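To keep things clear, I will list the structure first and then write my remarks on it.
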Amino acid sequence: MTQKPPAKPIVTRFAPSPTGYLHVGNARTALFSYLYAKANGGVCKLRVEDTDKARSTDDAIDKIFEGLGWLMGADVWPRDETVFQSKNVTRHAAVAQEMLDSGNAYKCFATPEELDKMRNAARTEGRSPRYDGRWRDRAPGPEQGNAPFVVRLKAEQDGVTVINDHVQGRVEFRNDVLDDLVLLRSDGTPTYMLAVVVDDHDMGVTHVIRGDDHLINAGRQNQIYKALGWDAPEYAHLPLIHGPDGAKLSKRHGAVAVADFRDMGILSDAMFNYLVRLGWSSGDEEIISRKDAARSFDLDRVNKAAARFDYAKLESVNRHYLKAADDKMLLAEMTYLVGKLGLDPGSFGDGANADAGLKSLRAHEQRFLSLVPVLKERSPTVLEMIKDAAFAFVDRPIPIEPKALKLLNDDNRSLLGRLHEALGDALSNDAAWTTEAIEAQIRSFAEAEDLGFGKVAQPLRASVAGRMQSPGLFDVLYCLGRAESLARLADQAKSD
RNA sequence: GCUCCCUUCGUCUAUCGGUUAGGACGCAAGGUUUUCAACCUUGAAAGAGGGGUUCGACUCCCCUAGGGAGCGCCA
């Protein structure tokens with residue numbers, strides 16, 4: 001029996017640049033990188049590409065962590081285990097110097113203006129706009145003096161570079177289309193192209209999983225690996241996510257930052273599921289838990305084509321997770337949203353706001369907790385749950401919508417008076433106040449009045465919910481509780 | 001302009017040379033019903049076009065069309 005050498009443990013990485021928020025496309029890349037490592041017993045590391053000082057603010061970095069924490073769980077990537085690329089600049093520069101010494105890189109004194117001219121000329125002649133290699137084999141003369149220079153890779157010019165991509169398959173680039181890239185800027189700082197290669201190597205990354213806008217960079221980076229004598233990692237280039245109209249997903253399409261989806265009332269589990277399923281499939285499975293994904297994810301079943309983001313489908317996945325979610329967790333999520341977004345004053349009477357909503361949530365915790373099981377069965381998002389619960393936020397006397405008010409004519413008000421009496425008598429204490437008992441009493445009341453059930457239900461609904469639509473009447477009454485329900489009823493009733 | 005990638009119902013996808021091309025979302029109709037929802041049932045809906053290869057192509061090859069990405073001292 002031949003002993004197989006232990007397979008090299010898989011190391012993947014997610015390397016976002018802090019641009020202000022975590023885009024769903026990047027979030028999915030994070031997911032796939034993480035899942036691939038998990039499914040293969042490896043690890044996925046986080047590296048923040050913050051070499052562009054102009055764009056990398058602390059706030060932007062916080063937002064990345066916030067987005068990842070919500071989607072993946074706060075413990076997946078602890079901040080103190082994160083690699084910050086900016087901390088490695090000395091190492092990057094040293095590697096560039098090595099390449100200079102070995103003749104795999106050279107100093108280029110071309111000015112930005114020169115390069116501009118070069119590119120424009122190439123474009124007008126129908127050639128690909130590239131560096132023309134004017135300093136490739138030229139030693140700086142005395143006239144260069146202390147002139148600023150960049151360090152460029154002396155890239156191979158003949159032959160082809162082949163990438164065997166896990167998603168895209170075999171991709172070939174002619175070496176002459178892969179430019180002599182800048183490794184070190186004239187201020188001595190590393191470019192992205194150098195930094196990724198050095199950091200990926202130093203971090204022991206075996207599999208680079210990223211968006212397919214980087215596909216050609218794999219070719220370029222492989223040339224750097226080659227020049228350095230390092231083994232290049234394996235690649236998987238994921239197709240991009242498009243908006244519903246097929247164009248690149250942007251703010252114009254609505255929410256694009258993962259954090260935005262939380263504020264729309266999407267559950268983190270649902271977002272995870274939807275994103276995993278967008279571009280990856282496991283037969284006909286639509287509902288894929290975090291655990292299942294971490295067990296069965298692979299790159300073979302990643303789709304090669306770009307996918308469009310479908311908000312409706314996301315909502316339907318969300319609906320599934322909402323139904324299965326823990327009530328207390330949902331109440332906490334409702335509280336988060338009310339605190340963050342406030343409440344629609346139209347639904348709660350004049351002057352309602354986040355403070356009022358929060359106050360009400362705290363004051364009537366039991367009321368809301370008993371309502372959550374009802375709400376989660378009917379609402380697609382947490383935001384909708386809050387809207388459906390509008391009646392539970394308000395205090396007596398509750399505001400009544402115009403349409404509902406119209407229903408509360410004299411006849412109906414006296415009907416409500418009789419109902420108030422009947423209910424109060426029949427269900428004389430809190431223990432008797434159950435949905436079943438409430439239903440039985442109201443039905444027999446309607447019968448006694450010789451009225452169809454709806455004739456009683458609608459005025460009753462108007463009086464306790466303040467509007468024509470609400471969750472099931474018996475649920476509304478039950479969660480409001482005996483005292484509050486009867487009081488609301490009495491507020492609108494007229495005794496004759 | 002040049003280089004590279006992609007193309008199954010409206011959308012996400014299954015199929016890995018032989019299927020009545022399956023599922024999900026959405027949509028439509030019906031049912032249930034105290035309102036709005038939810039829920040249940042049923043239905044319509046697809047291999048971009050053209051050439052090959054093959055006994056047989058959605059599946060393999062080529063061309064065309066359409067879409068996307070890249071072409072920075074950004075990442």
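First the proteins, then the strands, lettered A, B, ... as listed; each starts at 1. Quantities reported herein were computed from a predicted structural model and do not represent experimental measurements.
The existence of a salt bridge linking A:Glu315 and A:Lys313 is excluded, since no basic side-chain nitrogen approaches an acidic carboxylate oxygen closer than 4.0 Å. Contact check on A:Arg136 versus A:Asp180 returns a salt bridge, with a Lys/Arg side-chain nitrogen under 4.0 Å from an Asp/Glu carboxylate oxygen. A salt bridge links A:Asp202 with A:Arg91: at least one charged nitrogen is closer than 4.0 Å to a carboxylate oxygen. Between A:Arg488 and A:Glu484 a salt bridge is recorded (basic side-chain N to carboxylate O distance below 4.0 Å). The existence of a salt bridge linking A:Asp50 and A:Lys87 is excluded, since no basic side-chain nitrogen approaches an acidic carboxylate oxygen closer than 4.0 Å.
At the heavy-atom level, A:Arg277 lies under 4.0 Å from base atoms of the strands shown. Across all strands, A:Lys403 comes closer than 4.0 Å to no nucleic acid atom at all (heavy-atom distances). Among the heavy atoms of the strands lying under 4.0 Å from A:Gly279 are primed sugar atoms or P, OP1, OP2 only; no base atom is included. Residue contacts shown for A:Pro112 include a base, since a base heavy atom lies under 4.0 Å away. Within 4.0 Å of A:Lys248, counting heavy atoms only, lie sugar-phosphate atoms of the nucleic acid but no base atom. A:Ala110 comes within contact range of at least one nucleobase, with a heavy-atom separation under 4.0 Å. Looking at heavy-atom distances under 4.0 Å, A:Leu473 makes contact with a base. The residue A:Ser316 sits close only to the backbone: its heavy atoms come under 4.0 Å of sugar-phosphate atoms, none of a base. Residue A:His237 is classed as having no contact, given no heavy-atom separation below 4.0 Å to the nucleic acid. Across all strands shown, A:Glu377 has heavy atoms under 4.0 Å from sugar-phosphate atoms exclusively, and none from any base. Contact annotation for A:Ser281: backbone-only contact, meaning every heavy-atom pair under 4.0 Å involves sugar-phosphate atoms and none involves a base.
Judged by the 6.0 Å distance and 45° axis criteria, A:Arg47 is not positioned over the aromatic ring of A:Phe84. A cation-pi arrangement is found for A:Arg28 relative to A:Phe32, the charged atom lying closer than 6.0 Å to the ring centre and inside a 45° cone about the ring normal. Within the cation-pi definition used here (under 6.0 Å to the ring centroid, within 45° of the axis), A:Lys63 does not qualify as a partner of A:Tyr21. A cation-pi arrangement is present between A:Arg290 and A:Phe272 under the rule of less than 6.0 angstrom and at most 45 degrees off the ring axis. Remark: A:Arg152 qualifies as a cation-pi partner of A:Tyr131 under the 6.0 Å distance and 45° angle criteria applied to the six-membered ring.
Here, B:C60 and B:C73 have their P atoms 39 Å apart, quoted to the whole Å. A distance of about 28 Å separates the P atoms of B:A57 and B:C12, rounded to the whole Å. Only the C1' atoms considered, B:C16 is 14 Å distant from B:A21, to the nearest whole Å. Going from the C1' atom of B:C58 to that of B:U7 covers 12 Å, rounded to whole Å. To the nearest whole angstrom, the two C1' atoms, one in B:G23 and one in B:A46, are 14 Å apart.
In this structure, OH of A:Tyr192 is placed 16 Å from C1' of B:C73, rounded to the nearest angstrom. Following rounding to the nearest Å, A:Gln221 (CD) and B:C71 (P) show an atom-to-atom distance of 12 Å. What separates CG of A:Asp212 from C1' of B:G67 is a distance of 13 Å, to the nearest Å. Rounded to an integer number of Å, the gap from CZ of A:Phe109 to C1' of B:C73 is 14 Å. Distance CE (A:Met193) to C1' (B:C71): 11 Å, rounded to an integer number of Å. Residue A:Asp300 contributes atom CG, which lies 12 Å from atom P of B:A14 at whole-angstrom precision. For the pair A:Glu285 CD and B:G22 P, the interatomic distance rounds to 18 Å; values are reported in whole Å. Between the C1' atom of B:G66 and the CG atom of A:Asp245 lies a distance of 15 Å, rounded to the nearest Å.
Closest contact between the side chain of A:Leu240 and the listed nucleotides B:A75, B:A69, B:C25 involves B:A69. Closest approach to the A:Arg443 side chain among B:U34, B:C36, B:C12 is made by B:U34 (side chain taken as heavy atoms from C-beta onward). For A:Ile216, taking side-chain heavy atoms from C-beta onward, the closest of the listed nucleotides B:U34, B:U13, B:G70 is B:G70. In this structure, of B:C71, B:C5, B:U3, it is B:C5 that holds the atom nearest to the side chain of A:Leu215. Distance from the side chain of A:Gln85 is smallest for B:A75 among the nucleotides B:U11, B:A75, B:G1. Side-chain proximity of A:Asn303 to the nucleotides B:G10, B:U13, B:A24 is greatest for B:U13. Ranking B:G70, B:A38, B:C25 by closeness to the A:Arg378 side chain, first place goes to B:A38.
For the pair A:Ser470 and B:U35, the criterion of a side-chain N or O lying under 4.0 Å from OP1 or OP2 is not met. The phosphate of B:G72 (OP1 or OP2) has a side-chain N or O of A:Arg119 nearer than 4.0 angstrom. Between A:Arg185 and B:A75 there is a side-chain N or O to OP1 or OP2 distance below 4.0 Å. Checking the phosphate oxygens (OP1, OP2) of B:A75, a side-chain nitrogen or oxygen of A:Thr51 falls inside 4.0 Å. One finds a side-chain N or O of A:Lys304 lying less than 4.0 angstrom from the OP1 or OP2 phosphate oxygen of B:C6. Put simply, A:Arg130 has no side-chain N or O that comes within less than 4.0 Å of OP1 or OP2 on B:G72.
Aromatic ring centres of A:Tyr106 and A:Trp135: separated by at least 6.0 Å. Between A:Tyr321 and A:Tyr274, the ring center distance fails the sub-6.0 Å criterion.
Using a 4.0 Å cutoff on non-hydrogen atoms, the parts of residues 146-158 of chain A near RNA chain B are A:Val150, A:Arg152, ordered by number. Contacts with RNA chain B (heavy atom under 4.0 Å) in residues 160-174 of chain A: A:Gln168, A:Val171, A:Glu172, A:Phe173, listed by number.
Here B:G70 sits opposite B:C2 as a Watson-Crick or G-U wobble pair (both hydrogen-bonding atom distances under 3.5 Å). When both pairing distances are held under 3.5 Å, B:U8 makes no Watson-Crick or G-U pair with any nucleotide shown. Pairing of B:A48, defined by two Watson-Crick or G-U wobble distances under 3.5 Å, is identified with B:U64. When both distances must be under 3.5 Å, the Watson-Crick or G-U wobble mate of B:U42 is B:A28. The partner of B:C58 is absent, by the rule that a Watson-Crick or G-U pair needs both atom distances under 3.5 Å. Taking a pair to require two hydrogen-bonding distances under 3.5 Å in either a Watson-Crick or a G-U wobble arrangement, B:U35 remains unpaired.
Residues A:Leu278 and A:Gly454 each lie close to RNA chain B; by heavy-atom proximity, the contact nearer the 5' end of the strand is made by A:Leu278.
By the side-chain hydrogen bond (donor to acceptor under 3.5 Å, both in side chains) test, A:Arg301 is found to be paired with A:Ser282, A:Asp298, residues two or more places apart in sequence or in another chain being considered.
For the pair A:Trp77 and A:Lys45, the minimum side-chain heavy-atom distance is 4.5 Å or more.
A:Arg308 contributes no side-chain N or O that forms a donor-acceptor pair with the base of B:U11 under 3.5 Å. Judged by distance alone with a 3.5 Å cut-off, no donor-acceptor contact links the side chain of A:Asp213 to the base of B:G70.
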